[in-house]
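Throughout, numbering of the chain's residues begins at 1 and tracks the sequence. Quantities reported herein were computed from a predicted structural model and do not represent experimental measurements.
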Amino acid sequence: LLFSEGFRGSAEGRLNYEFFFPGTLAMILLFTAIFATISIIEDRNEGFLQSVLIAPLPRWSMVLGKVLGGTLLALLQAGIFLALGLATIDLNVSPLGLIGTMVLMAIVGFALSGLGFLIAWRMESTQGFHAIMSVLLLPMWLLSGSFFPQDHGLMAWIAALNPLTYGVAGLRQILQSTTEGTPSPALCWSVSIAFAAVTFGLSCRIAASRTRGDLL
């Protein structure tokens with residue numbers, strides 16, 4: 001129904017497109033960033049990661065390279081979808097707003113790549129990683145306000161504790177040019193930046209500690 005011509009041209013259709021579009025961008029960022037870091041498990045099993053760990057370089061540089069790689073992949077895919085959206089949906093985003101959207105997507109992608117690194121570092125199998133995806137990361141996206149407003153009761157409290165909620169809300173504010181029903185822009189940006197800093201910091205910390213997998 002959402003993709004029918006008549007519905008797309010109606011006010012209700014435009015409203016649904018505008019609401020779902022930021023959530024879809026967040027979904028692309030989440031899945032691309034997370035799946036990019038799953039290669040850590042494969043690198044360890046194949047012995048490549050061990051050769052990287054013995055290199056005379058600080059481990060935070062290895063973490064930064066891996067996280068930035070996931071971020072760039074996520075940003076590229078989300079950027080392509082954003083370009084398609086701008087070409088087909090009347091979003092009315094200014095050039096400054098477009099820059100802000102890309103910057104916020106980069107921050108969210110960096111945070112999610114750091115989260116993926118944090119989860120994958122201790123995993124020994126890709127099956128376990130996929131289980132974490134199903135149990136933790138997919139609900140994280142669904143409970144971020146990507147599909148439906150979560151401003152009542154228990155769901156509102158869960159959404160408020162979900163850091164991805166603020167990234168989705170920030171994208172929605174820029175793309176819809178409204179702050180109605182969302183946290184303040186300052187809060188959205190602050191939480192997203194803090195989320196990125198925390199996941200990267202924890203990733204550096206866990207990578208600096210020796211594990212049994214380092215010797216496999």
Side-chain angles (χ1 to χ4, degrees), residues 22-37 40 58-79 82 96-122 132-133 135-147 149-151 154-176 178-209:
T24 306
L25 287 176
M27 178 190 69
I28 295 172
L29 291 171
L30 173 65
F31 282 92
T32 306
I34 293 299
F35 277 112
T37 54
I40 295 173
R59 289 201 175 185
W60 66 262
S61 63
M62 180 267 295
V63 177
L64 181 62
K66 198 69 177 179
V67 172
L68 282 179
T71 302
L72 289 176
L73 285 174
L75 188 60
L76 177 61
Q77 292 200 22
L82 176 62
L96 184 60
L98 183 59
I99 295 174
T101 301
M102 296 298 294
V103 171
L104 185 55
M105 288 197 304
I107 294 172
V108 174
F110 188 89
L112 294 173
S113 295
L115 180 62
F117 186 102
L118 192 62
I119 296 172
W121 187 260
R122 294 290 189 181
I132 296 294
M133 280 280 297
V135 174
L136 176 63
L137 299 178
L138 188 58
M140 180 181 180
W141 171 64
L142 291 174
L143 297 174
S144 65
S146 298
F147 269 173
Q150 299 177 358
D151 51 1
L154 180 61
M155 299 298 290
W157 286 98
I158 296 176
L161 296 175
N162 183 0
L164 188 57
T165 298
Y166 300 91
V168 174
L171 291 174
R172 186 165 287 134
Q173 290 165 3
I174 298 174
L175 296 175
Q176 293 183 353
T178 180
T179 60
E180 182 180 356
T182 61
S184 66
L187 180 61
C188 292
W189 282 83
S190 298
V191 172
S192 298
I193 294 173
F195 183 32
V198 169
T199 56
F200 179 71
L202 291 176
S203 296
C204 290
R205 182 173 181 178
I206 197 173
S209 61

Trainee: Could you tell me which non-hydrogen atom of G167 sits nearest to which non-hydrogen atom of V108, and how far apart they are?
Mentor: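 Nearest pair, atom of G167 first, then V108: CA-CG2, 4.0 Å.
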Trainee: Which residues pass the side-chain contact (heavy atoms from CB on, under 4.5 Å) test with L30, sequence neighbours left out?
Mentor: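 Once residues adjacent in sequence are excluded, the partners of L30 under the side-chain contact (heavy atoms from CB on, under 4.5 Å) criterion are I34, L112, W141.
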Trainee: Working to the nearest 0.5 Å, report the span between OG1 of T71 and CZ of F110.
Mentor: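 Output value for this atom pair is 6.0 Å.
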Trainee: Which pair of non-hydrogen atoms, one from A26 and one from V168, has the smallest distance, and what is that distance?
Mentor: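 Residues A26 and V168, closest heavy atoms: CB-CG2, 3.6 Å.
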Trainee: Taking all heavy atoms of A169 and all of P183, pick out the closest pair and write down the distance.
Mentor: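 Heavy-atom minimum between the residues: CB-CD, 3.8 Å.
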Trainee: Quick check on side-chain contact (heavy atoms from CB on, under 4.5 Å): which of I28, L171, L175 does L82 satisfy it with?
Mentor: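 Only one of I28, L171, L175 forms a side-chain contact (heavy atoms from CB on, under 4.5 Å) with L82, namely L175.
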Trainee: For A207 and M62, which heavy atoms make the closest approach, and how far apart are they?
Mentor: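 Distance-wise, the nearest heavy atoms are CB-CE, 4.3 Å.
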Trainee: Measure the spacing between CG of L137 and CZ of F35 and express it to the nearest 0.5 Å.
Mentor: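 Interatomic distance, L137 CG to F35 CZ, rounded to 0.5 Å: 9.0 Å.
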Trainee: Going by atom type alone, with no hydrogens or angles, which donor-acceptor pairs under 3.5 Å involve a side-chain atom of residues 72-79 and a protein atom two or more places apart or on another chain?
Mentor:
| unit_1 | atom_1 | unit_2 | atom_2 | d |
| --- | --- | --- | --- | --- |
| Q77 | OE1 | T32 | OG1 | 3.4 |

Trainee: Could you pull out all residues at least two apart from S190 that satisfy side-chain contact (heavy atoms from CB on, under 4.5 Å)?
Mentor: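 If we apply the side-chain contact (heavy atoms from CB on, under 4.5 Å) test to S190, skipping adjacent residues, there are no hits.
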Trainee: Taking ring pair (Phe, Tyr, Trp, His ring centres under 6.0 Å) as the definition, give me every residue that meets it alongside Y166, ordered by chain and number, with sequence neighbours left out.
Mentor: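 In terms of ring pair (Phe, Tyr, Trp, His ring centres under 6.0 Å), with neighbours along the sequence ignored, Y166 is linked to no residue.
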Trainee: Who passes ring pair (Phe, Tyr, Trp, His ring centres under 6.0 Å) against F31, sequence neighbours left out?
Mentor: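 Here no residue qualifies.
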Trainee: So, taking the atom named CG in L64 and the one named OG in S113, what distance separates them when rounded to the nearest 0.5 Å?
Mentor: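 Atom-to-atom, L64:CG and S113:OG are 11.0 Å apart.
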Trainee: Between atom OG1 of T165 and atom CZ of R172, what is the distance when rounded to the nearest 0.5 Å?
Mentor: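 One finds 10.0 Å between OG1 of T165 and CZ of R172.
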Trainee: Can you see which heavy atom on A36 is nearest to which on G70, and at what distance?
Mentor: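 Looking at all heavy atoms of both residues, the shortest contact is CB-CA, 3.7 Å.
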Trainee: What distance separates L164 CG from L115 CG, expressed to the nearest 0.5 Å?
Mentor: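 Nearest 0.5 Å value for the CG-CG distance: 9.5 Å.
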Trainee: Heavy atoms only: give me the nearest C188-Q173 pair and the separation to one decimal.
Mentor: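 Looking at all heavy atoms of both residues, the shortest contact is SG-NE2, 3.6 Å.
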Trainee: How about T199 and V67: do any of their side-chain heavy atoms sit closer than 4.5 Å?
Mentor: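 Heavy-atom side-chain distance check fails, nothing below 4.5 Å.
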Trainee: Let me confirm one number: the CH2-CZ distance from W60 to F200, rounded to the nearest 0.5 Å.
Mentor: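 Rounded to the nearest 0.5 Å, the CH2-CZ separation comes to 7.0 Å.
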Trainee: Only counting residues at least two apart or in another chain, list the ones meeting side-chain hydrogen bond (donor to acceptor under 3.5 Å, both in side chains) with W189.
Mentor: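 Checked W189 against side-chain hydrogen bond (donor to acceptor under 3.5 Å, both in side chains); zero matches.
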